[in-house]
Amino acid sequence: MQTLKGRSYQRGETTLGELLTLTAGFAYADTLLDDDLLGGDYDAVVVDGDLHVPSLHLGDALVFLVVTGNLTVDGAYVDCDDPATALYVLGNMQAGSVYTTGMLGVQGNLTVARTLAGSYNDYSAIVKGTTRAAVFYPENHFFEFGGEPVFGHVLGEAASHRVPTQWASSMKETLLGRALMDRSPCAEGEEVPNFSADDIETYGATALLDRDSLYALVREDRPVLND
């Protein structure tokens, strides 16, 4: 388990009641807190104040993390959905890259230097402030944005369906066809050899890029688009 300077549920330094109180402002947070999840193989940690780490991974033994101040992750933030994980930041969050399949809640702003990526639809992300990222690739993971998001590029044909309706019109893919493939270090999608040259120009990241390759880049905090 990644070692953080915080108060541990397993060590008796925080309680279920405190965790519920700290995360009460986020929908569905309570569904991840029960005695079956915590206290055995898995732990919840509260970090009082700000937290600055080189990278942050949830899902080994640490599955529930609350940061009461700002969170800065120099590299990649990575969570998972098996076991279920949750990160709640009561201030602002900054990261090099974000790969989320679990629950992610940010009370303030979320700023991602490279790629903000989601996967799977069992859980979702809630950002109550403004979200900024160089690249947004939600795939089938829902993102609830309180403020209008600002992205350099949007990838994935379903992006407009993975955000609240008021932001859907601005979630159209920004790179298609060879323009996308020439800029991405990702492996090609398995169906690309079957496409004609004309067909390729009508497709975006979902069809043209290998999803596992793209996600691997995000988890390694590497860009999914070259300059």
- Task: Give me the ring orientation class for Phe143 and Phe136: parallel if the planes are under 30° apart, tilted from 30 to 60°, perpendicular past 60°.
- Result: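 Phe143 and Phe136: perpendicular rings.
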Contact check, side chains of [X] and [Y], non-hydrogen atoms, under 4.5 Å:
X	Y	answer
Val89	Leu110	no
Leu32	Thr23	no
Phe151	Leu116	yes
Met181	Leu175	no
Leu56	Leu65	yes
Tyr137	Val224	no
Leu225	Leu180	yes
Thr31	Met103	no

Working to the nearest 0.5 Å, report the span between [atom1] of [X] and [atom2] of [Y].
X	Y	atom1	atom2	result
Tyr215	Asp210	OH	CG	11.0 Å
Glu18	Leu33	CD	CG	11.5 Å
Arg211	Thr206	CZ	OG1	8.5 Å
Asn109	Met93	CG	CE	12.5 Å
Thr131	Ile126	OG1	CD1	11.5 Å
Arg162	Asn140	CZ	CG	6.0 Å

Nearest heavy-atom pair of [X] and [Y]: which atoms, and what distance?
X	Y	answer
Pro185	Pro223	CG-O, 3.7 Å
Ile200	Phe195	CG1-CB, 3.6 Å
Ala179	Arg183	O-CG, 3.5 Å
Tyr9	Leu16	CE1-N, 3.7 Å
Gly25	Lys128	O-NZ, 2.5 Å
Val63	Leu58	O-CD1, 4.5 Å

Answer yes or no: is there a donor N or O on one side and an acceptor on the other, between the side chain of [X] and the main chain of [Y], under 3.5 Å?
X	Y	result
Ser196	Asp199	yes
Thr174	Val154	yes
Glu191	Ala207	no
Asp43	Gln10	yes
Ser184	Cys186	yes
Trp167	Phe145	yes
Glu173	Gly156	yes

Sequence neighbours left out, what passes side chain to side chain donor-acceptor pair (under 3.5 Å) with [X]? Give chain and number order.
X	result
Arg178	none
Asp50	none
Thr21	none

- Are there more than 12 heavy atoms of other residues, nucleotides or ligands under 6.0 Å from atom CD of Gln166?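 Enclosed.
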- Is it true that atom OH of Tyr120 has more than 12 heavy atoms of other residues, nucleotides or ligands lying nearer than 6.0 Å?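 Atom OH in Tyr120 is not crowded, with 12 or fewer foreign heavy atoms closer than 6.0 Å.
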- Query: What residues form a ring pair (Phe, Tyr, Trp, His ring centres under 6.0 Å) with Tyr123, not counting sequence neighbours?
  - Reply: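 Testing Tyr123 for ring pair (Phe, Tyr, Trp, His ring centres under 6.0 Å), a comparison that skips the adjacent residues, returns none.
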- Query: With respect to Tyr99, which candidate in His57, Arg219, His141 satisfies the side-chain contact (heavy atoms from CB on, under 4.5 Å) definition?
  - Reply: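 Single pass found, and it is Arg219.
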- Decide if the gap between the ring center of Phe64 and the ring center of Tyr88 is smaller than 6.0 angstrom.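 So the answer is yes for these two rings.
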- Check whether Val45 and Leu51 end up in the same hydrophobic cluster, where Ile, Leu, Val, Met, Phe, Trp and Tyr are linked by side-chain heavy atoms less than 4.5 Å apart.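 Yes, one cluster joins them.
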- Item | Single-linkage hydrophobic cluster Leu20~Val46, side-chain heavy atoms < 4.5 angstrom |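 As far as the 4.5 Å side-chain criterion goes, Val46 and Leu20 are connected within one cluster.
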- Mind checking salt bridge (charged side-chain N to carboxylate O under 4.0 Å, His left out) for Arg132 and listing every partner two or more places apart, or none if nothing turns up?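 Expected list: none.
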Table please: side-chain donor-acceptor pairs of residues 68-84 below 3.5 Å, with sequence neighbours left out.
unit_1, atom_1, unit_2, atom_2, d
Thr68, OG1, Val47, O, 3.4
Thr68, OG1, Gly49, N, 2.6
Asn70, OD1, Asn92, N, 2.8
Asp74, OD1, His52, NE2, 2.8
Asp74, OD2, His52, NE2, 3.2
Tyr77, OH, Asp79, OD2, 2.9
Asp79, OD1, Thr100, OG1, 3.4
Asp79, OD1, Thr101, N, 2.6
Asp79, OD1, Gly102, N, 3.0
Asp79, OD2, Thr100, OG1, 2.8

